[in-house]
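Accompanying notes for the structure given below.
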Number of protein chains: 2
Amino acid sequence: MRSYDQYCSVAKALDVVGDRWNLLIVRELLLRGRCRYTDLLHGLPGIATNLLADRLRDLEQAGVVTREAAPPPIATTVFGLTPRGQELEAVVRALGEWGVPLMREAAEGDAFRDHWLALPVHLFLTDAEPERPPLAIELRIGEEITTIEAVGGDVRARPGPAEDPDLVLGGAPELVIGLLSGRLTLADARARGLESAGDTEALRRVRARQPAASP
Amino acid sequence: MRSYDQYCSVAKALDVVGDRWNLLIVRELLLRGRCRYTDLLHGLPGIATNLLADRLRDLEQAGVVTREAAPPPIATTVFGLTPRGQELEAVVRALGEWGVPLMREAAEGDAFRDHWLALPVHLFLTDAEPERPPLAIELRIGEEITTIEAVGGDVRARPGPAEDPDLVLGGAPELVIGLLSGRLTLADARARGLESAGDTEALRRVRARQPAASP
DNA sequence: CGGCATCCTCTTTGATACTG
DNA sequence: CAGTATCAAAGAGGATGCCG
């Protein structure tokens, strides 16, 4: 990116991460931890491969991204965040929070990746019954399977199926997100195509931290 | 900006404010409040006037910016932030905080505007002696004059001269910022061209909230 | 395959000039 | 004052090729 040439810390920050795709690359590395070029490509649907290569170089030079050749048996490159890159979590989080009201409906053609759920789930959900044994909800969104676990007051998401899920939900991303955020009732979500199997009472335990986000 | 077409709140937020200049326009409106097109142009050195017009339209349509024709005697247009736009303060603040380590030296040719100080001053300085009467430091950076006031534990910046300043500082922005942030000693700053008049003990009262930001 | 580099087209930016 | 109009240059996006 061209520099803004302004002696202001906001402008200086944007000189580094303001370029198109840069903050989404950081999002990926924050959510997935260290991963390969191809993983990043998959997590950033729409990016051109030459742009990803360019941006990784830029961010590496700016001290945000690390690049390591994995040890011989693996023969691949692993990208990650430097400590300085990790500090961008506050920026990504603030943006993610501001963007929540824009998530009511998925636009036609919007891509979705299950690991993107990790951010909103951890930010906005809380375990209403921390003293009870762990709870697992398996989500089947598109081709991907994610597990949400409520443990000791906290709610987290991780990729992959649950061992013994209390509840399994399937359907479009906005239905699952709407249901988890409390914006949709179970009946509404079902009417719009959500499928569920198991103990739907489990949903009572997973609660939005705030009553509801306005429009 | 082209949409990222990703059903993720970070991407949706960037669809709205990720375009070049957009967050700096929001910075201006946050710092200066409602102001005119020409004020924005002045606060955003480097922006092309057609781009500013484009971006203001985009942001207005996105519900971030308001545009009002001021009542007849004034005959001008006033731009401001909607409540939704105000909520971007968390994003701008996070970026500004992340950018602080990039502010050690001003790059050759960097523009500076005095009101940009308001953000870092309020974020990073504290009044070490809240029980004492108000303190005023007048800053003369380039052509512009800004006043910093320490009152009851808080430190704030506002444009314009002080009535009866305890201290007046003059010089390049990075010297004044370095001195206020504690990165430079008074002797160092003086050696590099800072000029001061008045009670330099006043500087002891205005302190960085954290010991010092690392490089 | 994984990690790019090249080529090409299209859009956006930046600089300047001009207008109601 | 608050923009539009114009135009060259830079960047984005897509396809494809290359090399270990």
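- Between Tyr37(B) atom OH and dC1(D) atom P the separation is 12 Å, expressed in whole Å.
- A straight line from CG of Asp19(B) to C1' of dT13(C) spans 11 Å, rounded to a whole angstrom.
- Annotation: the terminal axes of the helix from dC1(C)-dG20(D) to dG20(C)-dC1(D) meet at 30°, where each axis is the rotation carrying the C1' atoms of four end pairs onto the next four (5 pairs per end, rounded to 10°).
- Under 4.0 angstrom from either OP1 or OP2 of dA12(D) there lies at least one side-chain N or O belonging to Arg55(A).
- Rounded to a whole Å, the CG atom of Asp58(B) is 17 Å from the P atom of dT11(C).
- Judged purely by atom type and a 3.5 angstrom limit, Thr82(A) uses its side chain to pair as donor or acceptor with the backbone of Val64(A).
- With rounding to the nearest 0.5 Å, the separation of OG in Ser9(B) from CG in Leu102(A) is 8.5 Å.
- Dashed line: the shortest gap from a side-chain N or O of Arg67(B) to OP1 or OP2 of dG3(D) is under 4.0 Å.
- Ring centroid separation for the pair Tyr7(B) and Trp116(A) does not come in under the 6.0 Å cut-off.
- Taking atom CG on Leu44(A) and atom P on dG3(C), their separation rounds to 14 Å, with Å as the unit.
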If a protein heavy atom is under 4.0 Å from the base, mark B; if only from the sugar-phosphate, S; if neither, -; do that for nucleotides 14-20 of chain C going 5' to 3'. BBBB---
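- Rounded to an integer number of Å, the gap from CG of Asp54(A) to C1' of dA5(C) is 10 Å.
- Geometrically, Arg93(B) does not engage Trp98(B) in a cation-pi contact, judged by NZ or CZ lying under 6.0 Å from the ring centre and within 45° of the ring axis.
- No salt bridge links Arg140(A) with Glu195(A); every basic N to acidic carboxylate O contact stays at or beyond 4.0 Å.
- Dashed line: the shortest gap from a side-chain N or O of Arg57(A) to OP1 or OP2 of dG3(C) is not under 4.0 Å.
- With dG3(C), dC1(D), dT13(C) as the choices, the nucleotide that has an atom nearest any side-chain atom of Thr38(A) turns out to be dG3(C).
- At a threshold of 4.5 Å between non-hydrogen side-chain atoms, the residues Gln86(B) and Leu30(B) count as touching.
- A donor-acceptor pair under 3.5 Å is absent between the side-chain atoms of Asp19(B) and the main chain of Arg55(B), judged by distance alone.
- A salt bridge links Arg156(A) and Asp154(A); the closest N-O separation between the charged side-chain nitrogens and carboxylate oxygens is under 4.0 Å.
- Summarising the geometry, the separation between CG on Asp39(B) and C1' on dG3(D) is reported as 15 Å, rounded to the nearest angstrom.
- Put simply, CD1 on Ile25(A) is 14 Å from P on dG3(C), counting in whole angstrom units.
- Partners of Ala107(B) by side-chain contact (heavy atoms from CB on, under 4.5 Å), not counting sequence neighbours, listed by chain and number: Lys12(A), Asp110(B).
- Distance, Gln6(B) CD to dG13(D) P: 11 Å, rounded to whole Å.
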